[in-house]
Amino acid sequence: MKVWRFIKLSMRRLRKAPQWVRLVCSGSFRLTNATLSATSMDLCDNPHLQLLLGERPRFHSRLLRHQVPTVVGWGRKWSGRRAQDIALREGKSRLLIEDGFVRSVGRNDLPLSIVCDAKGIFYDATVPSQLETHIKTPLSGAESARANDLMTLWRDQRVSKYNDTPRYNSALPDNYVLVIDQVYGDLSIPSGGATPADFSNMLQAALDENPTSTIILKTHPDQAGNPKRGHFNIPALRQNPRIKIIDAACHPVQLIAQAKTVYTVTSQVGFEALIWGKPVRCFGMPFYAGWGLTTDAQPAPSRRTTATLAQLVHGALIKYARYLDPETQRPCDVEVVVRHIGLQRKLMRDLPKTIYAVGFSPWKRPILRQFLPGKDLRFIKAARDLPKDAAIAVWGVRHVLGQTAQQTVIRIEDGFLRSSGLGADLIKPVSWTFDDLGIYFDPKAPSRLENILQSKAFPPAEKSRARALIDLICSSGVSKYNIGSKAWRRPDTQQRVILVPGQVEADASIQAGCPEIKTNMALLAKIRAENPDAFILYKPHPDVVAGLRKAGALDTTARQYCDLVVRHVDPAALLAQVNEVHTLTSLMGFEALMRGIPVTCYGQPFYAGWGLTKDIAPPPRRTAQLAIEDLVAGALIEYPRYVSRVSGRLTTPERAILELSEWRQNGPSQMPVSRRMLRSVLRLWAQTGLKRST
């Protein structure tokens, strides 16, 4: 522990060390094939910038001269000015970098988008930029269509430059114009030909030009707690009944979408307002002004001519910026990043902002944070003295002592595509389910999944997505745990081959979802009695095989009722060769349905009762008749959450399947040594219990 603490402290001190120290320690001066040299070590060290630029820049040092043709700096900041000076002095080309127009989820996250400009930089209207060249370029029909589709996607996903702030949920006036403040000293203001006085002119113009409208003044998020960083006297403006101040950190999309007009000096909010189809008044000269798309208080540079909105969007978002797929760590198109950020925002809105997590182990806590980004998670041991209207997160069917009617209980469980390795081995999951109504494996009460399947009419596009998801699962052979490698060959017989998956008899899904039969041997005995001529396969649950969960009291008698017991075979390999699956509530029944295999349910799993299975005890509430695409859309797309193993961010089921497939090919995750020792103890205990029972 002391050694690890020393390493962490050393790394922290190194990050704060002078640039020449970091240079020597990082080895940047030894890069021999670099075509870029950066004027800041921060640019050299940023891993996302390296991927977006296609290489790691060398550090430009006066002490260590090297012949690199292009000097890189950050915009009009010190590093950018130095890059420009070096390029002029040494006859090199220069490249200025800035954040892209849809940058990331959080402000402190590494960028998913940057812009690179060899002429100037987009927010400096005093000199030409490559963006201006892109905007002036005529578009083909396909390019124009892509720009229009991108604007639709932008609105549908409700994205902005930064996307970690909450949605503005308070009531808005029916008729208002939006005025945007900016941080005092922002470089885009003087570079856009504006001064602090232009902010006062903008507000006065908004009041004069909209006498019957409310004026909403939105301060910049960086002004929170420090009004002096803005351009307005906020306390004085609060006295004006026509002006409503919004100084909370909130996502700007809702404010833009309902505004009659947007007033700005040089803020990017004006560009986003154009995408939303709003009139925009500019009191500086930002990159989107001067093209005939905005009403401008300043004359445009003569080099800016008339352009269409499609040209502006195509030039800025498609041609000018570079994007990084957070899950493949490769360059990608803007649409990939917009969809990724849109998914994060959609799922961030689904549950309450503050959640009290009760009884979560230290191992599960960081995992829960990944599945609930943007939430205020408060971990407590017991649910005593909670607020009366608290949202409480618990694992599975755990009872919450003292629960009130106003409190919401969110029950969490493993998803249906979990990992490559057993959850009992503490293998990190890629999928969890969050249910604020019940839990999917307990049919005695409604669950969020049951409500989705019972009431939602899935549109054709979502059904097509579900069908593609089924095909991907079947072709990749992905299952819940993705373990088992021994090949198995179907016996040379004309008999029907019935697969019976064993379950952990103490599991909550058996206790809650099986009204009659509750043991593996009782199930096998009934199946044998009703199918005397079938070839019956029995596959014990992997947790039992691994010795992590206790076997049923009579599990050693399985061969009395079945023809073969298989233990270490990949479930997908079995399903490809059997005729039917008979189960209590095992997820293998769901996996069989996706492969077109008939399933008989003796319990009431989430996939029973929808007309897809033969049900011995049909759940009475389930009356909808579903296609397999409906079941998959609800169970794998709508209900769970997925977290990418690469990005650590929320992701899609399609991406989760690809990562699980790769994970399985590389071999299931191995438990730590301490866990192996515990497994041995548990296996010995389980075997001792079996001997006593027999």
Side-chain angles (χ1 to χ4, degrees), residues 395-399 411 413-414 416 422-424 433 435 438-447 449-450 480-481 498-531 534 536-562 565-567 571 580-593 599-610 613-622 682 685-687 689-694:
W395 186 263
V397 292
R398 175 173 177 160
H399 180 63
R411 301 194 178 277
E413 261 289 350
D414 282 332
F416 310 126
L422 298 174
T433 64
D435 201 314
I439 194 70
Y440 68 85
F441 57 72
D442 186 357
K444 295 190 293 295
S447 68
L449 176 57
E450 185 179 272
K480 181 175 183 178
Y481 292 117
I498 297 176
L499 173 62
V500 182
Q503 295 181 246
V504 178
E505 293 177 359
D507 194 78
S509 69
I510 298 293
Q511 304 306 313
C514 296
E516 298 178 5
I517 300 174
K518 292 182 181 291
T519 67
N520 293 315
M521 293 306 102
L523 174 65
L524 273 174
K526 184 174 181 62
I527 294 171
R528 173 53 77 194
E530 295 181 352
N531 302 271
I536 298 177
L537 289 175
Y538 176 62
K539 186 180 189 305
H541 193 278
D543 280 353
V544 174
V545 173
L548 296 173
R549 302 290 293 274
K550 192 173 181 179
L554 301 176
D555 274 14
T556 55
T557 64
R559 287 301 301 271
Q560 296 180 21
Y561 309 106
C562 69
V565 177
V566 292
R567 290 181 172 83
E580 300 174 17
V581 171
H582 290 223
T583 182
L584 291 171
T585 62
S586 170
L587 188 64
M588 285 189 73
F590 177 52
E591 295 172 352
L593 288 177
V599 176
T600 299
C601 294
Y602 296 79
Q604 298 174 339
F606 71 89
Y607 52 85
W610 308 110
T613 55
K614 179 182 177 182
D615 301 319
I616 304 304
R621 283 190 312 276
R622 301 174 190 175
L682 290 173
W685 175 75
Q687 291 172 350
L690 279 175
K691 289 178 181 178
R692 289 175 180 170
S693 65
T694 56

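Every value quoted in this text rests on a predicted model; they were computed, and no experiment measured them. The analysis underlying the following values was restricted to heavy atoms, covering all of them including side chains, and did not include hydrogens, waters or symmetry mates.
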What are the two closest non-hydrogen atoms of Thr613 and Ala608, and how far apart are they?
OG1-CA, 3.6 Å

Donor-acceptor pair, Arg411 side chain versus Thr433 backbone, under 3.5 Å?
no

To the nearest 0.5 Å, what is the distance between NE2 on His541 and CE on Met588?
10.5 Å

At what distance, to the nearest 0.5 angstrom, does CG of Leu523 lie from OH of Tyr561?
11.5 Å

Starting at CG of Leu449, measure out to CZ of Phe441 and round the result to the nearest 0.5 Å.
12.5 Å

Heavy-atom pair with the smallest gap, counting every atom of Ala558 and Tyr538:
CB-CD2, 3.8 Å

Out of the candidates Ser509, Cys514, Pro540, only one should pair with Gln503 under the side-chain contact (heavy atoms from CB on, under 4.5 Å) rule; please name it.
Ser509

Keeping the roles fixed (side chain from Asp435, backbone from Ser447), state whether a donor-acceptor pair exists under 3.5 Å.
no

Please round to the nearest 0.5 Å and tell me the distance separating atom CD1 of Ile510 and atom NZ of Lys518.
8.0 Å

Does Phe606 have its ring centroid less than 6.0 Å away from the ring centroid of Phe590?
yes

Side-chain donor or acceptor of Gln604 paired with backbone N/O of Ala617 under 3.5 Å:
yes

Inspect the surroundings of NZ in Lys526 and state if more than 12 heavy atoms from other residues, nucleotides or ligands are less than 6.0 Å away.
no

Compare every heavy atom of Cys562 with every heavy atom of Ile536, then report the nearest pair and how far apart it is.
O-CB, 3.5 Å

Asp615 and Gly609: which non-hydrogen atoms are nearest, and at how many Å?
OD2-N, 3.0 Å

Test your reading of the model: is there a side-chain donor-acceptor pair from Glu591 to the backbone of Lys480, 3.5 Å cut-off?
yes

Parallel, tilted or perpendicular: ring planes of Tyr440 versus Phe416, cut at 30 and 60 degrees:
perpendicular

Assess whether atom CD of Gln511 is packed by more than 12 heavy atoms of other residues, nucleotides or ligands within 6.0 Å.
yes

Looking at every heavy atom in both Thr519 and Leu584, which two are closest together, and how far apart are they?
O-CD1, 4.2 Å

Between Arg621 and Lys444, the two heavy atoms sitting closest are NH1-O, 3.6 Å

Run through Thr585, Val500, Ile616, Thr583 and flag the one making a side-chain contact (heavy atoms from CB on, under 4.5 Å) with Tyr602.
Ile616

OG of Ser586 to CG of Asp507, rounded to nearest 0.5 Å, is 10.0 Å

Side-chain donor/acceptor of Glu450 to backbone N/O of Pro443, under 3.5 Å
no

Rounded to the nearest 0.5 Å, how far does CD1 of Ile527 lie from CD1 of Ile517?
7.5 Å

